[in-house]
Amino acid sequence: MEKTLVLIKPDAFGANHSGDILKLYEDAGFKIIAAKVMQMTESLAAKHYAEHIGRTYYPALVEFMTAAPIMAVVLTGDDVIRKVRELNGATNPAEAAAGTVRKLFATDKTHNAVHASDSPESAAREIPIFFGACEIFD
């Protein structure tokens, strides 16, 4: 079974939308095999967002992601990476389809509620940044 990482970002976590977001994933048939609430540090953000270092938006991204707690989640299921990204909707909530996570819970392109791995390679790189093997129950 394929796995993906989802981060419920500070905006959605702080607005108490985590349960609603997780329910959307579970209702879509995905299984939660790891979850934790944590504070992202600058060094953790640098590992996770390594490909963005040096871009103009990187400092604001790190400031946002380290400002308040997040929830890190590993989901599993058939074609979970593609299907979760589809369920999350467009990065810009104004362009997201009705019923998607971002249409329901995001406010703008920065405060867009969730992150999800975009490929099997990304998931394989991202999951161990947030979870040890003994924290994943599949």
Are [Y] and [X] linked, directly or through intermediate hydrophobic residues, by side-chain heavy-atom contacts shorter than 4.5 Å (ILVMFWY only)?
X      : Y      : result
Leu75  : Met71  : yes
Val73  : Ile129 : no
Ile127 : Phe137 : no
Val62  : Leu5   : yes

Heavy-atom pair with the smallest gap, counting every atom of Ser117 and Ala123: OG-CA, 3.4 Å

Donor-acceptor contact present, side-chain Arg102 to main-chain Gly89, <3.5 Å: yes

Is [Y] close to [X] at the side-chain level, that is, under 4.5 Å between some pair of heavy atoms?
X      : Y      : value
Phe13  : Ile70  : no
Pro69  : Met38  : no
Phe130 : Leu7   : yes
Pro120 : Ile81  : yes
Leu22  : Ile8   : yes
Val84  : Val6   : yes
Glu26  : Ile32  : yes
Met1   : Asp138 : no

Apply salt bridge (charged side-chain N to carboxylate O under 4.0 Å, His left out) to Arg125 and list each qualifying residue two or more places apart in sequence or on a separate chain. Glu51

[X] side, atom [atom1]; [Y] side, atom [atom2] - distance, nearest 0.5 Å:
X      : Y      : atom1 : atom2 : result
Lys103 : Asn92  : NZ    : CG    : 8.5 Å
Ser119 : Arg85  : OG    : CZ    : 8.5 Å
Thr100 : Glu95  : OG1   : CD    : 11.5 Å
Phe131 : Lys3   : CZ    : NZ    : 11.5 Å
His48  : Glu126 : NE2   : CD    : 4.5 Å
Leu24  : Leu87  : CG    : CG    : 5.5 Å

Is the closest basic N to carboxylate O distance between Lys23 and Asp27 below 4.0 Å? yes

Under the side chain to side chain contact (heavy atoms under 4.5 Å, CB included) criterion, do Asp11 and Phe64 qualify, and how do the steps go? CA-CA 9 Å; Asp11 56 320; Phe64 167 58; 3.3 Å; yes

Is there a side-chain hydrogen bond (donor to acceptor under 3.5 Å, both in side chains) between Glu42 and Thr66? Walk through the geometry before answering. CA-CA 7 Å; Glu42 287 187 22; Thr66 60; 5.3 Å; no

Considering residues, nucleotides and ligands other than [X], do more than 12 of their heavy atoms fall under 6.0 Å from its [atom1]?
X     : atom1 : answer
Lys31 : NZ    : no
Lys36 : NZ    : yes
Glu63 : CD    : no

Go through His17 and Phe105 one step at a time and tell me if the ring-ring contact (aromatic ring centres under 6.0 Å, His included) criterion holds. CA-CA 7 Å; His17 294 308; Phe105 304 113; 4.6 Å; yes

Val114 vs Ile21, test: side chain to side chain contact (heavy atoms under 4.5 Å, CB included). Steps then yes/no. CA-CA 9 Å; Val114 291; Ile21 293 169; 4.2 Å; yes

Given side chain to side chain contact (heavy atoms under 4.5 Å, CB included), test Asn88 with Asn112 step by step and report yes or no. CA-CA 9 Å; Asn88 286 345; Asn112 65 357; over 6 Å; no

Can you tell me how the ring of His115 sits relative to the ring of Tyr49, calling it parallel under 30°, perpendicular over 60° and tilted otherwise? perpendicular

Mind running side chain to side chain contact (heavy atoms under 4.5 Å, CB included) on Val74 and Phe30 for me, showing each step along the way? CA-CA 10 Å; Val74 179; Phe30 307 123; over 6 Å; no

